[in-house]
Amino acid sequence: MIISKAHRTKAIGIFDSGIGGLTVVAEIIKQLPNENVIYFGDTGRYPYGPRSREIIRKFSKQNVNFLLEKGVKFIIIACNTASAFALEYVRKMYTVPMIGVVKPGSEAAARLTGNGRIGVIGTEGTIVSSSYQKELKKLNGSLKISAKPCPLFVSLAEEGYIDKPAARLIARDYLSEIKQKKIDTLVLGCTHYPLLKKVIGNVMGGKVTLVDSAEQTASAVKDTLTRLELDNPSKKTGEKRFYVSDSPEKFKRLGERFLGKRIGKVNLIDINAY
Ligand code: DGL
């Protein structure tokens, strides 16, 4: 099938529970600078981490409907909790190609481990769903996986407590259990955790490789767009547009730390209309 140039220049749609998915946008900007991006942060219904599968599925469906109305060519579920609970569910309902963050992160971890012992950290929902654990076992049944929810990391990242004694204390406490399991690879299975890479790395020690799901997802998106002939042929820097379901000003202020760049206009939408 020949994909028209007009279709290929359409935006990639990305959604997350709030600002965290901007770590994925930052990687897209790095690896696919010419792609247009439409980002939706569900700030009005944040956080997703402690919620049930049913509600995350309902929210994800509405978020996809919104992005489709904007005419996107491809969808990235940047939120680990939504990827874990809802990717397969929404994928079955639509024809637009979609990707989550769990598979790319798992593939990288399975590739990088030397001793076959992998740790996974994420929100309560992501860990309870066992999505990373299942994906890793699918890739290699002999892997030994230790998983641990680290919910406070989300608040630490949002509050900018990324290199303070409190962050080190919490990280030491959260990670002590999986550290004892002698893992050599740790999956940062939450949008916010890449911001805490330094403190997590210090606690785990230099021999443990940290897998950033955001980085791995952007590289999987690059491969998938090329394979599907959906990559934007334009050489111009892509346009980035931001939408939220509450508090655009707060999104802009906190989001710039996650994106590492200035954010222009942020548009407020009523997600319950979708
Ligand atoms: N975006 C969520 C995730 O990656 C973290 C924040 C939340 O709980 O909504 O799982």
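Order of listing sets the numbers, starting from 1, for every ligand and every atom in it. Positions are given from 1, in the same order as the sequence printed here.
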Report task. Kindly write out the residues that satisfy side chain to side chain contact (heavy atoms under 4.5 Å, CB included) with Arg172, not counting sequence neighbours, or none if the list is empty. Result -> Arg168, Leu169, Val203
Query raised in the report: Taking atom types as modelled, is there a side-chain donor on Tyr48 or Thr126 under 3.5 Å from an acceptor on the other?
Result: no
Query raised in the report: List by chain and number: which residues place a heavy atom under 4.0 Å from ligand 1?
Result: Asp16, Ser17, Tyr46, Pro47, Tyr48, Gly49, Cys79, Asn80, Thr81, Thr123, Cys190, Thr191, His192
Query raised in the report: Other hydrophobic cluster members with Leu68, side-chain heavy atoms of Ile/Leu/Val/Met/Phe/Trp/Tyr under 4.5 Å, chained?
Result: Phe15, Ile38, Phe40, Val64, Phe66, Leu67, Val72, Ile75, Ile77, Leu87, Tyr89, Val90, Met93, Tyr94, Val96, Met98, Tyr243, Ile269, Ile271, Tyr274
Report task. Name all pairs fulfilling the salt bridge (charged side-chain N to carboxylate O under 4.0 Å, His left out) condition that reach into residues 111-130, sequence neighbours left out, sorted by first residue then second. Result -> none
Query raised in the report: Going by distance alone, is a donor N or O of one side chain under 3.5 Å from an acceptor N or O of the other, for Asn80 and Tyr193?
Result: no
Query raised in the report: Any chance the side chains of Asn267 and Lys265 put a donor and an acceptor closer than 3.5 Å?
Result: yes
